Each structure stands twice: as C-alpha cells, then as structure tokens.
Amino acid sequence: MGPRVRFAPSPTGYLHVGGARTALFTWLYARRHGGTFVLRIEDTDVERSSTDMVAGILDGLRWLGLDWDEGPEAGGPHGPYFQSERLVRYRAAAARLVAGGHAYYCYCSTERLRDEREKAEQCGEAWQYDRACLALPPERIAKLEAVAAPRAIRFKVPATRTAFDDAIHGRIEFDPRGIEDFVVLRSDKYPTYHLSVVVDDVDMAISHVIRGDDHLSNTPKHILLFEALGATSPVFAHVPLILGADKKRLSKRHGATSVTEYRRQGYLPGAMVNFLALLGWSPGDDRELMSVTELIESFSLEGIGGGNAVFNTEKLDWMNGQYIARLPVEELTAAVAPLLIDAGLWPNVGVDLQVRPADAWLHRLVDLLRPRAKRLTEFVDLARPFLTDTVEYEPEAVDQHLSVPGLGGHVAALAATLRTLDPFDEPRVEAAVRGTAAERGIKAGVLIHATRVAVTGRLASPGLFEVLVLLGRERTVERLERVVNLLATRT
RNA sequence: GCCGGUAUCGUCUAGGGGUCAGGACACGUGGUUCUCAGCCACGGGACCGGGGUUCGAAUCCCCGUACCGGUACCA
C-alpha cells in the first residue's frame with residue numbers, strides 16, 4: 001500500500017500558482033511512491049465558493065497533467081469529496097469530541113469575544129478564550145438551552161506540549177499555552193477548517209499531509225484533534241510559499257497568479273510544471289530541464305528547501321522557450337493553430353497554398369518561427385507577414401533599408417530574376433539574391449535587408465532565404481514589385 | 001506583542017567543519033550570421049550581522065536582524 005496524499009483547494013478563487021505547486025509536489029510524491037492522489041474540495045465556506053471555481057481548478061490541474069485517483073468526477077471509496085456534502089460527519093465528530101470530554105459548548109457571543117479581544121489589544125496583549133463556558137453551572141446551561149441560545153463547540157486544548165517531525169522543517173514544538181480553545185463547530189453548525197480537514201484526513205486515510213507553510217502554526221491544533229478523535233496523525237510536510245519579485249506574498253499586484261492566466265499567456269504545461277517543480281525543490285544535482293518522468297523519479301520531500309521562493313518570470317520565459325524549441329512540430333502547431341485562428345490569420349493563405357499541403361506548410365512556418373518565441377502567443381505576431389498579404393511596413397525598417405539610392409532598380413532586377421527561378425528553393429534563391437547584388441555592384445546585405453523589409457515589412461525575421469521560399473515565388477515577386485512601385489512613386 | 005518558520009550571486013538553487021563555494025535564469029563581452037532570436041565561448045556577481053565551539057566555521061551552537069506565516073465562530 002502506497003501513501004495516500006491529498007490536495008484540498010477551496011474553490012474561492014482560481015488555481016493559484018502556489019496551490020498548483022503544492023498540488024504538483026503532492027502529486028509527484030504519490031506518483032513517486034506508487035501512492036494515491038486524492039482531490040478534495042474544501043467548500044465549507046458556502047458564501048465564497050462557487051461551482052465555476054471548482055471547474056476552473058479541475059481544468060487547471062488537468063492542464064498541468066495532475067490527474068487524481070480519487071475525487072470529483074473520479075469518485076472513490078472515501079467520498080464524497082466535497083466538504084459541503086460531508087457536514088453530517090463533522091457534526092458527528094464534534095459531538096463525539098464533546099461526549100469524550102475533548103470539547104465543550106460555548107455560548108459566548110461574537111460581540112463579547114470581539115470586545116475582549118479589542119480590550120486586550122489596547123493593552124498590547126493577545127487575548128485567548130478564557131474558558132468562560134467550560135465551567136458553566138448546569139442551571140445556567142439549562143436556561144440557555146431553553147431559549148435555544150446559539151452555541152459553538154470549542155476544543156479543550158490539553159496542557160501537554162505538542163511536537164512533531166515535519167518532513168521539511170524537522171522537529172517542531174509548540175507550547176499549548178499559545179493555543180486557545182478554538183472553535184471546531186460554529187454556532188451555525190458548520191465546521192471550522194481545523195475540524196473539517198482533520199475529519200476528512202482521517203476518513204480518507206491520508207498518510208501524508210503536504211500543504212503550504214501557512215498551515216504550520218495550525219498543525220498542533222490538528223494533531224490534538226487527530227489524537228482526540230483516536231486517530232494517528234499523518235506525516236506533515238509544510239512547503240514554503242511563493243513570493244512576488246518584491247518578496248511579498250504573490251498576489252495580483254505581481255501580475256498573473258492563476259495557472260489559467262499563464263495558460264492564456266502562452267505557456268506550455270510542461271514548462272509550467274518543470275518551472276514550478278524547481279521553485280523550492282531541487283533534484284540535488286544540476287539538472288534543470290526535466291521531463292515529468294524524470295521529476296517523478298527524482299522527487300523527494302527532503303529535496304524541498306525551507307525558504308520561500310520568488311516567482312521569477314524571466315526564468316519561466318526561458319524555460320518555456322526551451323519547451324517550445326523541443327516540442328515536436330505537430331504538437332507545437334496544434335498548440336499554435338487555435339491562436340492563429342482566433343487572430344483571423346488561419347486559414348487565410350495565398351495562392352501558393354492551393355498547391356501545397358497546408359499543414360506541412362504551417363509546420364514549416366512554425367518551425368522557422370519557434371526559436372524566436374518564448375510564449376505561444378508570440379507566434380501570432382511572428383506569423384502575420386506569412387499569413388496575410390497586407391504587408392505593414394515598420395517606419396524604421398523603411399528608413400533604414402528602403403532609402404538606399406537606386407534601390408528600386410536593384411529590387412526590380414531581383415524580382416525579374418526570381419520570377420523565372422525554378423525550382424524556387426533555398427540554394428537557388430540565395431544564389432539569385434547574391435548574384436543580383438554582385439551584378440549591380442552593391443553589397444549583398446543591402447539587398448537582403450531591403451528584400452526583408454519588402455516581404456515582411458520588418459526589421460527582423462527568420463533567415464531571408466527561408467522566408468522567401470516559404471512565401472513562395474509568386475508572393476515574393478509580388479511584394480518586391482509592390483516596393484518597386486512604392487519607391488518609384490516616392491521619387 | 002506573542003508563537004512558529006526561513007536566511008548561499010539580483011532571482012531559483014547545489015553543497016556543507018578544510019572546495020578555486022558548483023549550476024541555471026538575468027546581465028556584460030566575443031563568436032556564428034543577411035537582421036532578430038537561437039546556439040557556442042568567456043566574464044562580473046553570493047555564504048545576513050555578532051559572538052562562541054574548533055587547529056580551522058559559509059557549514060555546528062547562541063544572540064541579534066530581516067523577511068514570511070500564524071495569532072478568528074476564514075480557509
């Protein structure tokens with residue numbers, strides 16, 4: 001039996017990169033050890049949760065390739081996997097705690113608690129629940145019950161020290177005096193986070209809890225609950241948080257925080273996974289570009305560092321570029337095509353494509369463009385000159401390369417040569433361009449640059465001869481002649 | 001405030017009582033070249049501060065500082 005681990009997001013927002021990384025670590029751990037990855041939706045906060053958010057989170061996980069063995073849509077023997085459907089269990093557990101003397105009813109009003117806290121705060125002190133309801137006389141309780149006074153259930157924190165060995169941080173101890181008698185079941189009969197996680201982790205037989213560092217301080221409460229419920233605590237591993245460039249907790253201010261957003265911006269799931277895996281975790285050697293298989297093989301909780309990590313978009317960009325460079329053409333094209341379609345650039349091709357297989361041509365284009373793209377979305381702009389016949393000339397390009405004296409004649413000569421060139425392949429096109437330049441007594445570079453501007457309108461493009469061949473003879477000649485005319489009108 | 005965590009190039013990190021403190025991103029220089037990108041080579045750049053322990057500390061211990069998290073009838 002392998003370990004049972006879980007990822008338990010609350011659907012109050014989209015899948016955050018921090019959550020995604022926690023999910024990734026958890027998933028890697030399960031896959032590494034032949035365990036079970038459970039997905040549980042913590043939607044007890046009905047007000048803030050929504051089914052749209054759930055769908056978004058599932059989509060995000062699927063996009064990253066993090067498949068779950070048990071959970072929404074997958075089912076499993078420990079369901080239901082939505083906390084909102086498990087309320088009876090929490091209430092039963094809370095009742096059991098009361099019955100066992102581990103918890104007690106609390107009738108204190110939120111106003112009173114708030115006032116006490118404020119009062120203490122004014123004196124610069126922290127206030128902890130004073131156990132006012134722990135020793136309520138029976139007749140007082142009877143009276144309160146008679147009027148059905150709202151009551152919450154508080155956990156009676158024992159005076160023993162709690163300690164545990166965190167898989168990432170090592171031994172951690174807590175003084176019980178720092179922990180107040182926290183509420184486990186609210187007066188509205190909804191559980192607090194502490195109760196629901198523990199009950200669910202027990203029910204779902206979770207062996208390892210891998211979660212964000214922000215839960216480290218809650219862990220003693222959870223351990224106390226596991227004990228009170230008669231269960232053994234799972235192994236805990238608290239992974240450090242992801243910060244923004246200013247070392248503050250990553251938030252909208254830092255730009256994109258949801259994986260959906262990164263997907264939209266043109267990042268490949270493989271790159272995202274690879275990048276996230278290396279944020280806070282290291283295989284122990286110098287490897288950086290790692291396939292999912294390699295990640296699984298090398299993953300261990302010990303490899304996770306103790307400190308928070310800054311989300312470095314530049315490195316993500318680099319890594320994405322690496323993935324774009326390595327992805328098989330078919331896959332890359334399949335990923336890019338929808339973007340071209342959305343931009344209205346495809347299918348929308350010139351005459352040449354009537355005789356060429358369109359997909360093969362697109363493959364060549366994508367291949368030509370890929371070393372220049374860090375994100376998929378960049379393909380749209382890069383591909384534009386190839387997919388539309390309206391050449392937009394960049395002013396600087398025109399200034400720099402089309403204002404050469406006598407250029408019209410040179411370009412016209414090149415157009416004439418190319419018109420009859422057959423076959424129209426790279427070596428011949430190159431020879432034609434260089435030959436024309438030589439005949440006309442100008443440097444090849446001058447003609448090359450002018451031609452580039454003529455056919456793409458831009459200062460930069462892939463290698464010119466490859467561009468011309470891909471464009472085809474007719475479109476090349478047509479664009480060259482357009483420039484010849486342009487230059488003629490100008491002078 | 002109290003409790004907990006963390007601290008190696010700007011960033012992600014490896015390492016760990018004796019190393020030229022290694023790699024990657026970013027940056028700089030050069031090469032390839034028709035431009036850009038890419039690719040290749042080279043370069044600058046770090047052990048938070050102070051005390052201990054030790055022949056020797058960046059590494060172990062303590063204190064401090066900074067940052068992060070928690071301190072709710074949020075999760």
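As the structure is a prediction and not an experimental result, all values here were calculated from the model. No hydrogens, no waters, no symmetry mates; every other heavy atom, side chains included, goes into these values. Letters go in sequence order (proteins before strands), and every chain restarts at 1.
In terms of position along RNA chain B, the nucleotide closest to A:Ile304 lies nearer the 5' end than the nucleotide closest to the other residue of the pair A:Arg48 and A:Ile304.
Taking atom C1' in both B:rC67 and B:rC48, one finds a spacing of 11 Å when rounded to whole Å. When the P atom is compared between B:rC3 and B:rG64, the two are found 11 Å apart, to the nearest whole Å. Comparing B:rC25 with B:rC42, their P atoms sit 13 Å apart, to the nearest whole Å. If you take atom P in B:rC9 and the same atom in B:rG15, they sit 16 Å apart, rounded to whole Å. Comparing the C1' positions of B:rA41 and B:rU53 gives a spacing of 46 Å, expressed to the nearest Å. When the P atom is compared between B:rU11 and B:rG4, the two are found 27 Å apart, to the nearest whole Å. Taking the P atom of each, B:rA24 and B:rG38 are spaced 16 Å apart, rounded to whole Å. B:rC27 sits 16 Å from B:rG10 when the P atoms are compared, rounded to a whole Å.
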Name each donor-acceptor pair under 3.5 Å that joins a side chain in residues 234-241 of chain A to protein atoms two or more places apart or in another chain, with its distance.
unit_1: A:His238; atom_1: ND1; unit_2: A:Asp166; atom_2: OD2; d: 2.6
unit_1: A:His238; atom_1: NE2; unit_2: A:Arg211; atom_2: NH1; d: 3.2
unit_1: A:His238; atom_1: NE2; unit_2: A:Thr219; atom_2: OG1; d: 3.1

Under 3.5 Å, which donor-acceptor pairs do the side chains of residues 269-291 of chain A form with other protein atoms, sequence neighbours left out?
unit_1: A:Asn274; atom_1: OD1; unit_2: A:Met290; atom_2: N; d: 2.8
unit_1: A:Asn274; atom_1: OD1; unit_2: A:Tyr323; atom_2: OH; d: 2.6
unit_1: A:Asn274; atom_1: ND2; unit_2: A:Glu288; atom_2: O; d: 2.9
unit_1: A:Trp281; atom_1: NE1; unit_2: A:Ser300; atom_2: O; d: 3.3
unit_1: A:Ser282; atom_1: OG; unit_2: A:Gly284; atom_2: N; d: 3.0
unit_1: A:Asp285; atom_1: OD1; unit_2: A:Arg287; atom_2: N; d: 3.0
unit_1: A:Asp285; atom_1: OD1; unit_2: A:Arg287; atom_2: NE; d: 3.1
unit_1: A:Asp285; atom_1: OD2; unit_2: A:Arg287; atom_2: NE; d: 3.2
unit_1: A:Asp285; atom_1: OD2; unit_2: A:Arg287; atom_2: NH2; d: 3.2
unit_1: A:Arg287; atom_1: NH2; unit_2: A:Ser298; atom_2: OG; d: 3.3
unit_1: A:Glu288; atom_1: OE1; unit_2: A:Lys315; atom_2: NZ; d: 3.0
unit_1: A:Ser291; atom_1: OG; unit_2: A:Glu294; atom_2: N; d: 3.1
unit_1: A:Ser291; atom_1: OG; unit_2: A:Glu294; atom_2: OE1; d: 3.4

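At whole-Å resolution of the value, CG in A:Asp286 and C1' in B:rU13 are 9 Å apart. Atoms CD1 (A:Ile168) and C1' (B:rU6) sit 13 Å apart, rounded to a whole Å. A:Tyr190 has its OH atom 15 Å from the C1' atom of B:rA75, to the nearest Å. B:rC36 atom P lies 20 Å from atom CZ of A:Phe379, rounded to whole Å. Whole-Å rounding puts the A:Lys315 NZ to B:rU11 P distance at 13 Å. Put simply, CE on A:Met319 is 12 Å from C1' on B:rG23, counting in whole angstrom units. Distance NE2 (A:His449) to P (B:rU33): 14 Å, rounded to an integer number of Å. If you take CG of A:Asp175 and P of B:rG5, they are 13 Å apart, rounded to a whole angstrom.
Judged by distance alone, with hydrogens and angles left aside, A:Glu173 brings no side-chain donor or acceptor close enough to the base of B:rG4 to form a pair under 3.5 Å.
Between the side chains of A:Asp213 and A:His169, at least one donor N or O sits under 3.5 Å from an acceptor N or O. Side-chain N/O atoms of A:Ser461 and A:Arg452 include a donor and acceptor closer than 3.5 Å. The closest side-chain donor-acceptor pair between A:Tyr81 and A:Asp200, if any, does not fall under 3.5 angstrom.
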Polar pairs (N or O, both sides) under 3.5 Å between protein and nucleotides 38-41 of chain B?
unit_1: B:rC39; atom_1: OP1; unit_2: A:Gln322; atom_2: NE2; d: 3.0

Each nucleotide N or O in nucleotides 62-73 of chain B that has a protein N or O under 3.5 Å away: list the pair and distance.
unit_1: B:rC68; atom_1: OP1; unit_2: A:Lys248; atom_2: NZ; d: 2.9
unit_1: B:rC68; atom_1: O2'; unit_2: A:Asn308; atom_2: ND2; d: 3.0
unit_1: B:rG69; atom_1: O2'; unit_2: A:Asp214; atom_2: O; d: 3.4
unit_1: B:rG69; atom_1: N2; unit_2: A:Ser217; atom_2: OG; d: 3.1
unit_1: B:rA72; atom_1: OP2; unit_2: A:Arg117; atom_2: NH1; d: 3.1
unit_1: B:rA72; atom_1: O5'; unit_2: A:Glu180; atom_2: OE2; d: 3.3
unit_1: B:rC73; atom_1: OP2; unit_2: A:Arg154; atom_2: NH2; d: 3.4
unit_1: B:rC73; atom_1: O2; unit_2: A:Ser187; atom_2: N; d: 2.7
unit_1: B:rC73; atom_1: O2; unit_2: A:Ser187; atom_2: OG; d: 3.0
unit_1: B:rC73; atom_1: N3; unit_2: A:Ser187; atom_2: OG; d: 3.1
unit_1: B:rC73; atom_1: N4; unit_2: A:Cys108; atom_2: O; d: 2.7

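If you check residues 453-460 of chain A against RNA chain B, the residues with a heavy atom closer than 4.0 Å are A:Leu459, A:Ala460, listed by number.
Closest contact between the side chain of A:Asn312 and the listed nucleotides B:rC12, B:rU11, B:rC34 involves B:rU11.
Residue A:Gly305 is classed as having no contact, given no heavy-atom separation below 4.0 Å to the nucleic acid. At a threshold of 4.0 angstrom between heavy atoms, the contacts of A:Leu464 include nucleobase atoms, whether or not backbone atoms are also involved. Residue contacts for A:Pro220: at a heavy-atom cut-off of 4.0 Å it reaches no nucleic acid atom on any strand shown. Here A:Ser461 lies in heavy-atom contact (under 4.0 Å) with a base. A:Gly445 comes within 4.0 angstrom of nothing in the nucleic acid, heavy atoms only.
Using the Watson-Crick or G-U wobble rule with both distances under 3.5 Å, B:rG38 pairs with B:rU32. Across the strands present, B:rC47 finds no partner; the criterion is a Watson-Crick or G-U wobble pair with both atom distances under 3.5 angstrom. With a cut-off of 3.5 Å on both Watson-Crick or G-U wobble distances, the partner of B:rC2 is given as B:rG70. Judged by Watson-Crick or G-U wobble contacts below 3.5 Å, the nucleotide B:rG56 has no partner. Across the strands present, B:rG10 finds its partner in B:rC25; the criterion is a Watson-Crick or G-U wobble pair with both atom distances under 3.5 angstrom.
Judged by the 6.0 Å and 45° rule, A:Arg40 forms no cation-pi pair with A:Phe82. Within the cation-pi definition used here (under 6.0 Å to the ring centroid, within 45° of the axis), A:Arg154 does not qualify as a partner of A:Tyr104.
Between A:His215 and A:Tyr193, the ring center distance clears the sub-6.0 Å criterion. Separation of the A:Tyr262 and A:Phe311 ring centroids falls under the 6.0 Å cut-off.
Under the rule for a side-chain contact (heavy atoms from CB on, under 4.5 Å), the partners of A:Lys443 that lie at least two apart in sequence or sit in another chain are A:Val446.
Using a cut-off of 4.0 Å between Lys/Arg side-chain N and Asp/Glu carboxylate O, A:Glu430 and A:Arg434 are scored as salt-bridged.
At the phosphate of B:rU6, OP1 or OP2 sits under 4.0 Å from a side-chain N or O atom of A:His169.
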Exercise for review: Begin with the C-alpha distance, continue with both residues' side-chain angles, and end with the deciding distance and a verdict on salt bridge (charged side-chain N to carboxylate O under 4.0 Å, His left out) for A:Lys374 and A:Asp317.
Suggested key: CA-CA 6 Å; A:Lys374 289 203 187 299; A:Asp317 281 345; over 6 Å; no
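Using a 4.5 Å heavy-atom cutoff, the side chains of A:Glu378 and A:Arg375 are in contact.
The 12-atom threshold is exceeded at CZ of A:Phe226, counting heavy atoms of other residues, nucleotides or ligands nearer than 6.0 Å.
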